[in-house]
Structure formats: C-alpha cells, structure tokens
Amino acid sequence: MDKLLVSGGRPLVGEARISGAKNAALPIMCAALLTEQALKLDNVPRLMDVRTMAKILALMGVEVGSQDDGRLELRAREIKDPTAGYELVKTMRAAVLVLGPLLARCGRAKVSLPGGCGIGARPVDQHIKGLQAMGAKIDIEHGYMNAIAKRLKGTRIVMDVVTVTGTENLMLAATLAEGATLLENAAREPEVVDLAHCLTAMGARIQGAGTDTIRVEGVRSLSGAQHRVMPDRIETGTYLAAVAAAGGKVRLSGAAPDTVGATVEKLVEAGARVALGADSIEIEMEARPRAVSLTTAPYPGFATDMQAQCMALDSIAAGTGTITETIFENRFMHALELQRLGADISIQGNTAVVKGVERLQGAKVMATDLRASASLVVAGLVAQGETLIDRIYHLDRGYEGLEKKLSALGARIARVR
Ligand code: EPZ
C-alpha cells in the first residue's frame, strides 16, 4: 500500500493551482440524474471520490464520459436501476446524495445506509425526514433505504441541524417537486450555492442559496447544462496552513478567496501576511507562527474540515491554542498521531489544548481520515527528519496531486511503497 515520505525543514516557495472542489463536484454530479439531457462539467477534480460517484452513477445506467482535463460529461438518458449498493456507499458517505434526485426522477430509490464513519456518527435522519415531508415513503430494510413517491410535493421543511449534504439532497429533490419547497435552517456553505448555480443553469427555480432559507419552485423537467465546479476552499486552506507552518511565500491560483475568510483570519492572527486577489491568494510567512484558538462552526464559521490542519500549525506555534470541535464528535484522531511526532496536545471533551513545541520530530504515523491525513502532511513538512504517513488512500479521496503540488513548491515529499 502506498505511503507518503515527507522530509521536513524546507520553506514552501512558488505557485500552486487549486483544483475544483470535491464537495461541490459530488452533489453536482448527482444533479445529472434529474435530466435525460447531458450535464457538461468543467474543473472536476481527479479524485477517488469522484471516480466512486461516477461508478455509482454508471451502475444506474448513466453514461459517464472519460474525465479529460477537468471535463466530465454525464448523461442519464435512462435510469435502469435506481440503486446505490452498500459496497460503494460504505466507502463514500456522499453517495447518499443520489437519494433525492432518484426519487424525484424515478419515483423510487434503493440506497444503502452509509453506516458509521471515522469522524463521528453522521446519521442521515434529516435527509429522510425531509423527503418524507415531501410525500416519500421510506422504509429501512436490510441496511437499505427503500424509498417510493409518486410526485414529490413541495412543503416547508425546518431542519433540526445544519447539514450540508442534507440541504443538497433536499434541494436536488425539490427541483422536480410539485409546488414550492421551503428549506429552513439550511446550510450556507459555498458548495450549496455552487449546486444551486448548476441546477439553475438546468432550469431549476431556486432562491436564497447561501442563506439559511432556500426556496425551490418545482418545475416539470430540467434540461442539460454546462457548469464549472467552484475551486476547492479546503484544499486552498490546507496549502495556506502548510505555508503558515513551514514558512515561505506561495501564490495559489484558481482559488475563490471569498470562501476562505475564516481560515485566512486565523492564519493572519498566527502571523502570516495574506493578500487576496480576484481568483488568487498570496501568503508569506517568515517567523514562527503564534498559536491560535478556534471553534468549528457551520459556514461562514471556521470549517471543521480545516480543524486538523490548524492543529498541526498550533503544534509548533509559540504559545498555547485551544481547538474546539462542534460539528463531529470524534474528529480528534489526528491529535494522537501528532503526539507521535512530539506535539503536546491534551484532549478535554470536544476541546484540544495544544501547547506549541519548538520542533516536531519525524516518525511513522497513520492517516485516519481525509483531513487528518492533511494535518500529518503539514506536520511532516516542519518536523525534523523523515515522517512516513501510512494509509494515504484517505488523501487520494480529496487532494488532487498533493505530493506533486508540494514538490513543485520545494517540499521533499514522495509516494513510496
Ligand atoms: C459535509 O458532510 C462534507 N462532505 C464534509 O466534508 C464536512 O466535514 C461536513 O459537511 C461539515 O462541513 C460533503 O460535502 C460531501 P453534515 P455532511 O450533514 O454533509 C449531523 C471532508 O473531509 N447530521 O453537514 O455529511 C452530523 O452528524 C468532509 O471533505 C445529523 O444529525 O455533514 C454532523 O454532526 C468529511 N443528521 C452535523 O449534522 C443528518 O441527517 C453536520 O453534518 C445529517 C447530519
């Protein structure tokens, strides 16, 4: 199995190009299920999760073009089998995003329950509850959600928790429902907005995406469209955190600076100089970072997907930072691995107290989830000696060409067996 070997101690210098956002591409690919015409996407990242979603769609009968230079064409002329099986869903929870569009288009769907996950319980009750409110009948049988509906009916849905994929699933379903759907306490993440843009280009009538109340006026049918997937704000934040930790000067191009506000604010507090352009970000870090404290929250708050990388930064910062995780109950697995590198972290409930040390020391560590892996790479870039990161298949799910991009910035990082 592939591992990553990182030798620390070099600053990062140069330019890196940001890829399309995984968490926007996945729901947008599911939008293809809503029309028999072609959905032509651009800026689709080359990632394992994108390949998994393509496989799930192909098994239903969707024609999936080959991915070429970020372009991907999907055409659901006919949906032969509206099923997403356990073997694929268990590897990627976002697969549950097919449920809403399948119900809206075919009137039935069979989707495996995703089950547990390394970062927390992650139930899908809000997805189910919302679809039921729209008239679907959903039974849980043998680990599958078996859903049927005549035509879904628009209604008012107040979500009990702010859920990103929950909001997306219901928005996708509502586009073809009869009448208007009002989604309250909706997620405001930029990926929800990007999905709304794509659906609007397909002929959907959506207002309020990006606020906590989204109104979808159902239409009879949707058409094909062309859409460019937004830049990945978490990939962007990860490179910014890496520079803040390792030092250096880097320009990130093809980014969406207006989506990374909370991360940039913390890195500036840590001592980085950051300049935002129209679609680029420059970061410069000379001194040792100062510790920062943060609490994760739904957008526009500090993203849970950036928490691990900032914990790595705090590990070598001057001072003590406290990091509180409010979205997922078990998202501190990386703390134990960072400790293997010499970090001084104590966990009290959902808060990690990180006392910065002068230097980390390279060691063998294990990636436990996608963003945990990224935090180990950030730590490896500053640790003395070699850090060998095992189980990097997690990284391949969400970072396009990570080691190539970092090598181009001067890091010593390589994939080894
Ligand atoms: C999305 O996951 C992202 N995934 C995650 O990205 C991200 O960490 C998360 O949002 C939070 O920002 C995609 O967009 C594909 P949620 P999602 O539903 O939608 C609870 C990454 O590393 N909840 O917003 O699955 C849930 O347990 C990742 O790229 C319910 O209780 O997350 C959690 O505590 C991993 N019932 C909270 O809501 C539900 O029905 C927020 O989860 C749904 C969620």
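This one's a predicted model, so the numbers in the text were calculated from it and none came from an experiment. Counting starts at 1 for both ligands and their atoms, following the listed order.
- A side-chain donor-acceptor contact under 3.5 Å links Asn185 to the backbone of Met159.
- Residues Glu141 and Asn146 bring a donor and an acceptor atom of their side chains to less than 3.5 Å of each other.
- Between Val193 and His197, the closest side-chain pair of non-hydrogen atoms falls below 4.5 Å.
- Side-chain atoms of Ser293 come within 3.5 Å of backbone N or O of Thr322 as a donor-acceptor pair.
- Identified under the side chain to side chain donor-acceptor pair (under 3.5 Å) test for residues 164-183, with sequence neighbours left out: His127-Asn169.
- Protein residues with any heavy atom under 4.0 Å from ligand 1: Lys22, Asn23, Ala94, Arg122, Pro123, Val124, Asp125, Gln126, His127, Val161, Val162, Thr163, Val164, Thr165, Thr304, Asp305, Ile327, Phe328, Arg331, Leu370, Arg371.
- Residue Tyr239 forms a side chain to side chain contact (heavy atoms under 4.5 Å, CB included) with just one option from Val250, Leu402, Ile283, and that option is Leu402.
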